[in-house]
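Here's the structure we're looking at; comments come further down.
Position 1 is the first residue of the sequence, and the numbers go up from there. Given the structure is predicted, the values throughout are model-derived calculations rather than measurements. Every heavy atom of this structure was used, including side-chain atoms; hydrogens, water molecules and symmetry mates were not.
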Amino acid sequence: MGMKFKRWVGILMGISLISANISCDQLTKTIVRNEISPSEKISVISNHLTLTNVENSGAFLSMGQTWWQPAKTTLLIVLPIIALVVGIYFMLKLGNKRLWLTFALGFVIGGGTGNMIDRILHGSVTDFLHIKIGPFQTGIFNMADVSIMIGIGLLLLFSLMHRKQEFLTR
């Protein structure tokens, strides 16, 4: 088993993770659009987990909904597409050397692509999950956001572990 095999395994793993994240995101959003009326609230676990249907034409926590349209298009569609392409490049280039990077980027790219599909096809992103535990609560989010956060968390975790390893081996 040479480097070519390892490279293809990394590429297939990355494509599989991206596809799984996009599929999960788009499936859940389709169900929400079809089954939950706009702004309807469905309590799943007391008031701790609520499902709703909110269209977000902005970014994280609805930031940018009222921005000038050319700026909004640039910041919410053009730049993220460039970032996704760069992420795919790094995953393909370095993923076979660092499998953890492929894993983390698979989540980030999959989630980012899921939200990008919504922006391009619907002009907004469907958000539907809200968590409240005591005084702490989230904004309304979706599965793509979960994927992105998992991927970023893994990138941070593995980067810190890698730096610690380098520090200890000096």
Side-chain angles (χ1 to χ4, degrees), residues 3 5-33 44-45 48-64 74-133 136-166:
M3 282 299 282
F5 179 77
K6 188 176 177 184
R7 178 174 168 77
W8 280 106
V9 167
I11 289 170
L12 287 174
M13 186 178 100
I15 290 170
S16 297
L17 275 168
I18 291 169
S19 299
N21 279 283
I22 292 170
S23 297
C24 176
D25 175 64
Q26 291 299 299
L27 177 65
T28 55
K29 288 175 181 173
T30 299
I31 292 168
V32 166
R33 281 188 213 106
V44 179
I45 303 173
H48 302 298
L49 176 62
T50 308
L51 298 179
T52 189
N53 179 351
V54 176
E55 291 300 319
N56 179 1
S57 64
F60 179 72
L61 298 176
S62 301
M63 281 190 297
T74 302
L75 293 172
L76 300 181
I77 295 176
V78 176
L79 290 178
I81 287 174
I82 292 168
L84 290 170
V85 169
V86 169
I88 291 168
Y89 170 79
F90 276 108
M91 188 176 72
L92 295 174
K93 191 80 173 160
L94 300 173
N96 63 318
K97 296 175 185 144
R98 295 182 180 94
L99 217 47
W100 65 265
L101 184 61
T102 297
F103 196 74
L105 287 175
F107 277 96
V108 173
I109 294 166
T113 302
N115 278 341
M116 193 54 53
I117 289 169
D118 274 20
R119 283 192 202 292
I120 291 168
L121 295 182
H122 305 287
S124 62
V125 173
T126 301
D127 289 330
F128 57 91
L129 292 163
H130 179 258
I131 298 172
K132 182 179 181 187
I133 301 171
F136 303 103
Q137 65 178 323
T138 65
I140 301 170
F141 60 98
N142 59 47
M143 293 309 295
D145 300 333
V146 172
S147 295
I148 293 166
M149 294 307 291
I150 288 171
I152 290 171
L154 290 171
L155 282 171
L156 290 171
L157 176 68
F158 289 125
S159 294
L160 290 172
M161 287 172 55
H162 182 69
R163 286 188 185 186
K164 183 179 178 184
Q165 217 172 18
E166 279 182 0

- Going through the checks in order, is the side chain to side chain contact (heavy atoms under 4.5 Å, CB included) test met by L51 and V32? CA-CA 8 Å; L51 298 179; V32 166; 6.0 Å; no
- Please round to the nearest 0.5 Å and tell me the distance separating atom CH2 of W100 and atom CG of L105. 8.0 Å
- Task: Identify the heavy atoms of G111 and S147 that sit nearest to each other, and give their distance.
- Result: CA-CB, 3.9 Å
- Task: Answer whether the closest heavy-atom distance between the side chains of T50 and K132 falls below 4.5 Å.
- Result: no
- Smallest heavy-atom separation, M13 atom then T102 atom, equals CE-CG2, 3.8 Å
- Item | Nearest-0.5 Å distance that lies between atom CG in L155 and atom CD1 in I150 | 12.0 Å
- L17 backbone acceptor or donor facing N21 side chain under 3.5 Å: yes
- Query: For T126 and E55, what are the C-alpha separation, side-chain angles and deciding distance, and is it a side chain to side chain contact (heavy atoms under 4.5 Å, CB included)?
  - Reply: CA-CA 5 Å; T126 301; E55 291 300 319; 2.7 Å; yes
- Query: Are the side chains of D118 and R33 in touch, meaning some heavy atoms are under 4.5 Å apart?
  - Reply: yes
- Task: Search all heavy atoms of N56 against all heavy atoms of R119 and return the closest pair with its distance.
- Result: O-NH1, 4.2 Å
- Task: Please name the pair of heavy atoms, one in I22 and one in G114, separated by the smallest distance, quoted to 0.1 Å.
- Result: CG1-N, 4.3 Å
- Heavy-atom distance under 4.5 Å between the side chains of F128 and N53, does that happen here? no
- If you round to the nearest 0.5 Å, how far is CG of L99 from CZ of F158? 9.5 Å
- Message: Give me each pair satisfying side-chain hydrogen bond (donor to acceptor under 3.5 Å, both in side chains) with a member in residues 104-115, each pair once, sequence neighbours excluded.
- Response: K29-N115, N115-N142, N115-D145
- Message: Quick check: do M91 and L101 have side-chain heavy atoms less than 4.5 Å from each other?
- Response: no
- Is any side-chain heavy atom of L129 less than 4.5 Å from a side-chain heavy atom of M143? yes
- Task: Start with the C-alpha distance between F141 and V146, add both sets of side-chain angles, then the distance that settles side chain to side chain contact (heavy atoms under 4.5 Å, CB included), and finish with yes or no.
- Result: CA-CA 8 Å; F141 60 98; V146 172; 3.6 Å; yes
- Reported CG-to-CE distance for the pair L84 and M116, which is rounded to 0.5 angstrom: 6.0 Å
- Check: I18 and F107 side chains under 4.5 Å, non-hydrogen atoms: no
- Task: Report the distance from atom CD1 of I11 to atom OG of S16, rounding to the nearest 0.5 Å.
- Result: 11.5 Å
